[in-house]
> 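I'd like to ask some things about the structure below.
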There are 2 protein chains.
Amino acid sequence: MVVDMLSPDEVDRLFRALADATRRDILTHALTGEHSVTALASRYEMSFAAVQKHVAVLERASLVVKTRRGREQLVTADPDALATARRLLEQYEALWRHRVAAIDALLAED
Amino acid sequence: MVVDMLSPDEVDRLFRALADATRRDILTHALTGEHSVTALASRYEMSFAAVQKHVAVLERASLVVKTRRGREQLVTADPDALATARRLLEQYEALWRHRVAAIDALLAED
DNA sequence: CTAACGTGCAACCAAATGGTTGTAGATATG
DNA sequence: CATATCTACAACCATTTGGTTGCACGTTAG
């Protein structure tokens, strides 16, 4: 199983984007429907510009995409990116299982 | 399905710890065996202190634990934390699938 | 006992992050 | 046309991050 087709920088951006509660919340909403940036911003205490930056971070991590509808941008989540992140973690877990199997094999020799 | 027993801060630390190539590499080695901090540090160009800080970040994220052996600290990965991270992402994916199912249901009405 | 080793931590620095306000452009509305 | 709305972006600021060097402390080796 190849580690991935993502560059280290892309993996960095992916996990970094997920490492903020506001961004995870935005992602959750983007997963359950289409929302304009203004509609998303109205959910949080911070300024519109701050939310717009968070959306930009999610966009650079390929977690969401924006599509124009008139004067607004609709933000929607890209489930493939999430699947990629999950797959990365599964590969780390697989490494662990491999280690456990090796230890088991050693113990079985006794 | 409850989102998780982790606080938002703990989730932040988890993903943040994974958002650095050096730390992911350290984690990989910690998953495949026990290594002292010095042994890990010898693998990278940066100073010992820098690597020691990276290990501390992984430790605060509960991704690794350290156990003393004489004068050295052996770093080993905690697979449960990885499983937690993977489960978090699975829940986001589940949200997405729920949305797809809802759209499918709407289309089926026609 | 003394010297070397492994670790942790403080102080410092440059760059990135997460927030703010203000401005400007594109699109819709009256 | 004039105005309001939605978005993007620049400039600025405080804090955090990721690196450095230097030092102190506990443990092992000679």
Side-chain angles (χ1 to χ4, degrees), chain A residues 7-30 33-78 85, chain B residues 7-30 33-77:
Chain A
S7 74
D9 278 4
E10 289 170 316
V11 180
D12 286 6
R13 281 196 290 274
L14 223 178
F15 284 126
R16 188 135 227 324
L18 290 169
D20 178 281
T22 301
R23 284 197 292 268
R24 287 193 301 273
D25 198 67
I26 292 174
L27 182 62
T28 300
H29 286 97
E34 290 182 325
H35 306 271
S36 69
V37 182
T38 301
L40 288 171
S42 70
R43 306 187 139 270
Y44 309 98
E45 291 300 305
M46 65 194 77
S47 69
F48 168 83
V51 174
Q52 198 253 333
K53 275 196 195 179
H54 280 307
V55 172
V57 170
L58 289 168
E59 201 178 9
R60 257 177 276 124
S62 302
L63 281 164
V64 303
V65 293
K66 290 188 294 191
T67 57
R68 261 224 123 65
R69 186 183 60 185
R71 63 186 160 187
E72 46 192 3
Q73 292 268 34
L74 298 183
V75 178
T76 58
D78 179 359
Chain B
S7 74
D9 277 5
E10 288 170 318
V11 180
D12 285 6
R13 281 196 290 274
L14 222 179
F15 284 127
R16 188 138 229 322
L18 290 169
D20 180 280
T22 302
R23 283 197 292 268
R24 287 193 299 275
D25 198 66
I26 291 173
L27 183 61
T28 300
H29 285 97
E34 290 183 324
H35 306 271
S36 69
V37 182
T38 301
L40 287 170
S42 70
R43 305 187 139 271
Y44 310 99
E45 291 300 305
M46 67 194 76
S47 68
F48 167 83
V51 174
Q52 196 253 335
K53 276 197 195 177
H54 280 308
V55 172
V57 170
L58 290 168
E59 201 178 8
R60 256 178 276 125
S62 302
L63 281 165
V64 302
V65 293
K66 291 189 294 193
T67 57
R68 261 226 121 65
R69 187 182 61 184
R71 63 186 161 189
E72 48 191 2
Q73 293 268 33
L74 298 183
V75 179
T76 57

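Just the heavy atoms: all of them, side chains too, but no hydrogens, waters or symmetry mates, feed the values below. Residue numbers start from 1 in every chain, and the chains themselves are labelled A, B, ... in the order their sequence lines are given, proteins ahead of strands.
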> Whole angstroms only, please: what is the OH-C1' distance between B/Tyr44 and D/dT20?
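The distance from OH of B/Tyr44 to C1' of D/dT20 comes to 19 Å, rounded to the nearest Å.
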
> If I take atom CG in residue A/Leu18 and atom P in nucleotide C/dG18, what distance separates them, rounded to the nearest angstrom?
12 Å

> Indicate, with a heavy-atom threshold strictly under 4.0 Å, whether B/Gln52 touches base, sugar-phosphate, or nothing.
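Counting heavy atoms under 4.0 Å across all strands, the contact made by B/Gln52 includes a base.
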
> At what distance, to the nearest 0.5 angstrom, does OG of A/Ser7 lie from CZ of A/Arg13?
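Reported value, rounded in 0.5 Å steps: 6.0 Å.
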
> I'd like to compare against my own output: the B/S/- annotation of nucleotides 19-30 of chain C with a strict under-4.0 Å heavy-atom distance to protein.
BBB-----BS--

> Tell me the closest heavy-atom pair linking A/Val51 and A/Tyr44, and the distance in Å.
CG2-CD1, 4.1 Å

> Which comes earlier along DNA chain C counting from the 5' end, the contact point of B/Ala39 or that of A/Arg60, where each point is its nearest nucleotide?
B/Ala39

> Using the salt bridge (Lys or Arg N to Asp or Glu O under 4.0 Å) criterion, which residues pair with A/Asp12? Sequence neighbours excluded.
B/Arg24

> Tell me which donor-acceptor pairs under 3.5 Å the side chains of residues 54-65 of chain A have, and how far apart each pair is, sequence neighbours excluded?
residue, atom, partner, partner atom, Å
A/His54, ND1, A/Arg23, NH1, 3.2
A/Glu59, OE1, A/Lys66, NZ, 3.3

> Between atom CZ in B/Arg13 and atom P in D/dT17, what is the gap in whole Å?
11 Å

> Please determine if a side-chain N or O atom of B/Gln73 lies less than 4.0 Å away from the OP1 or OP2 oxygen of C/dG8.
yes

> Over 60° means perpendicular and under 30° means parallel, so classify the ring planes of B/His29 and B/His35, tilted if in between.
perpendicular

> Grab the NE2-P distance between A/His35 and D/dC6 for me, whole Å please.
16 Å

> Whole Å only: how far is the CG atom of B/Asp9 from the C1' atom of C/dG18?
15 Å

> For a 4.5 angstrom cut-off between non-hydrogen side-chain atoms, does B/Val37 reach B/Phe48?
yes

> In this structure, how many angstroms lie between the P atom of D/dT17 and the CZ atom of A/Phe15, rounded?
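These atoms are roughly 18 Å apart.
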
